[in-house]
Number of protein chains: 2
Amino acid sequence: MRYSRQGELIYRTVKKSKMHPDANLVYEQVKKIVPKISLGTVYRNLNYFTKNGLIRSIVDGSKTRYDGNLDPHYHLQCDICGVIKDIKAKDINLRFQLNDKYDFKASNIEFTIKGKCNKHK
Amino acid sequence: MRYSRQGELIYRTVKKSKMHPDANLVYEQVKKIVPKISLGTVYRNLNYFTKNGLIRSIVDGSKTRYDGNLDPHYHLQCDICGVIKDIKAKDINLRFQLNDKYDFKASNIEFTIKGKCNKHK
DNA sequence: ATTCATGCAAAGGGTTTGCAGGAAA
DNA sequence: TTTCCTGCAAACCCTTTGCATGAAT
């Protein structure tokens with residue numbers, strides 16, 4: 001993909017953020033620097049980066065959120081405030097037997113633990 | 001919730017189906033019996049059943065699918081055709097340590113393995 | 001007779017897309 | 001100069017909702 005200032009800013013915003021922003025939040029951030037940027041451009045770039053493995057996407061109800069952290073990790077999501085925290089893959093011990101019994105070739109695991117974060121005890 | 005023929009048919013359709021139907025598929029099924037049923041009614045009933053734990057809902061990209069199987073299980077989803085298969089919880093060995101390190105009270109785990117089903121080797 | 005779920009259609013949220021103009025190569 | 005990414009707005013898909021009617025109690 002050809003270079004553009006908008007694309008670079010979108011990419012950097014996701015990479016820097018630790019709050020797993022959705023498209024609109026990225027839009028609001030980049031708009032501070034490029035006021036005329038459009039949501040369409042944000043979506044086009046986020047889709048491109050996701051498809052090419054530069055960032056990850058996370059399903060959050062009816063919308064998509066983005067994660068610049070490519071290290072192996074899973075997510076904790078709070079039912080109350082929706083915040084998403086990373087949990088390191090090495091803190092989870094996953095074992096499963098698939099090949100013979102289920103006849104399915106695994107490529108990607110989506111593992112999210114829902115519950116209450118420390119602000120809602 | 002008050003009894004209605006539509007509600008009963010919607011519930012039975014989800015319970016009987018093993019293909020994790022979305023709202024529109026349930027709608028098409030029930031329409032064969034009650035041709036004038038509306039999509040709104042299907043959504044209202046599915047939401048009610050889900051909230052009251054009579055069925056489960058599954059996130060599938062931009063839409064919601066429903067699962068009448070309440071036994072503890074997770075899902076395998078094919079990247080190619082989107083089919084969702086159940087995998088029994090006992091075939092997966094999950095261990096994780098959360099409370100001290102992450103300060104998060106888990107209530108629900110969403111675990112889906114994505115990959116290729118046996119039709120797309 | 002009262003209550004409340006339905007059918008219908010409009011509206012909603014999030015996302016995608018066609019097009020003309022402007023920036024990158 | 002050509003390519004293609006952008007801004008804009010319309011369209012899209014899935015889902016929800018307001019309203020009047022009709023079914024359930």
For D:dT6, take OP1 and OP2 only and decide whether either is under 4.0 Å from a side-chain N or O of A:Asn45.
yes
Intermediate values then yes/no, side-chain contact (heavy atoms from CB on, under 4.5 Å), B:Met1 and B:Asn45
CA-CA 10 Å; B:Met1 204 190 208; B:Asn45 276 275; 4.1 Å; yes
Determine the contact category for A:Asn47: base if any of its heavy atoms lies under 4.0 Å from a base atom, sugar-phosphate if only primed atoms, P, OP1 or OP2 are that close, otherwise nothing.
sugar-phosphate
Evaluate the criterion side-chain contact (heavy atoms from CB on, under 4.5 Å) for residue pair A:Ile80 and A:Lys116; output intermediate values, then yes/no.
CA-CA 7 Å; A:Ile80 314 292; A:Lys116 290 186 187 174; 4.2 Å; yes
Within the distance-only criterion (no hydrogens, no angle test), does the side chain of A:Asp60 pair as donor or acceptor with the backbone N or O of A:Lys63 below 3.5 angstrom?
no
Measure CE/B:Met1 against P/D:dT25 and give the value in whole Å, please.
12 Å
In terms of side-chain heavy atoms, does B:His75 have a donor or acceptor partner in B:Asp67 at a distance below 3.5 Å?
yes
Of A:Ala23 and B:Thr41, the one whose nearest nucleotide on DNA chain C sits closer to the 5' end is B:Thr41
Provide, to the nearest angstrom, the distance between the CZ atom belonging to A:Arg2 and the P atom belonging to D:dC4.
6 Å
Taking the nucleotide of DNA chain D with the closest heavy atom to each, which residue, B:Arg65 or A:Gly7, is nearer the 5' end?
A:Gly7
Atom NZ of B:Lys63 to atom P of D:dT16: distance rounded to whole Å?
14 Å
Under 3.5 Å donor-acceptor, B:His73 side chain and B:Asp86 backbone:
no
Do other residues, nucleotides or ligands put more than 12 heavy atoms under 6.0 Å from B:Met19 CE?
no
Does the side chain of B:Thr64 get closer than 4.0 angstrom to OP1 or OP2 of D:dT15 through an N or O atom?
yes
Separation of atom CG in A:Leu39 from atom C1' in D:dC8, rounded to whole Å
11 Å
Find the distance A:Leu9:CG to D:dT6:C1' and express it as a whole number of Å.
14 Å
Can you give me the first and the last nucleotide of DNA chain C (5' to 3') that has an atom within less than 4.0 angstrom of a non-hydrogen atom in chain A?
C:dG14 to C:dA25
Can you check whether B:Asp71's main-chain N or O pairs, donor with acceptor, with B:Asn69's side chain at less than 3.5 Å?
yes
Is there a donor N/O on one and an acceptor N/O on the other, under 3.5 Å, for the side chain of B:Arg44 and the base of D:dG18?
yes
Taken to the nearest whole Å, OH/A:Tyr43 to P/D:dC8 is 16 Å
Where the side chain of A:Lys36 is defined as all heavy atoms beyond and including C-beta, which of D:dC8, D:dC4, D:dT16 is the nearest nucleotide?
D:dC8
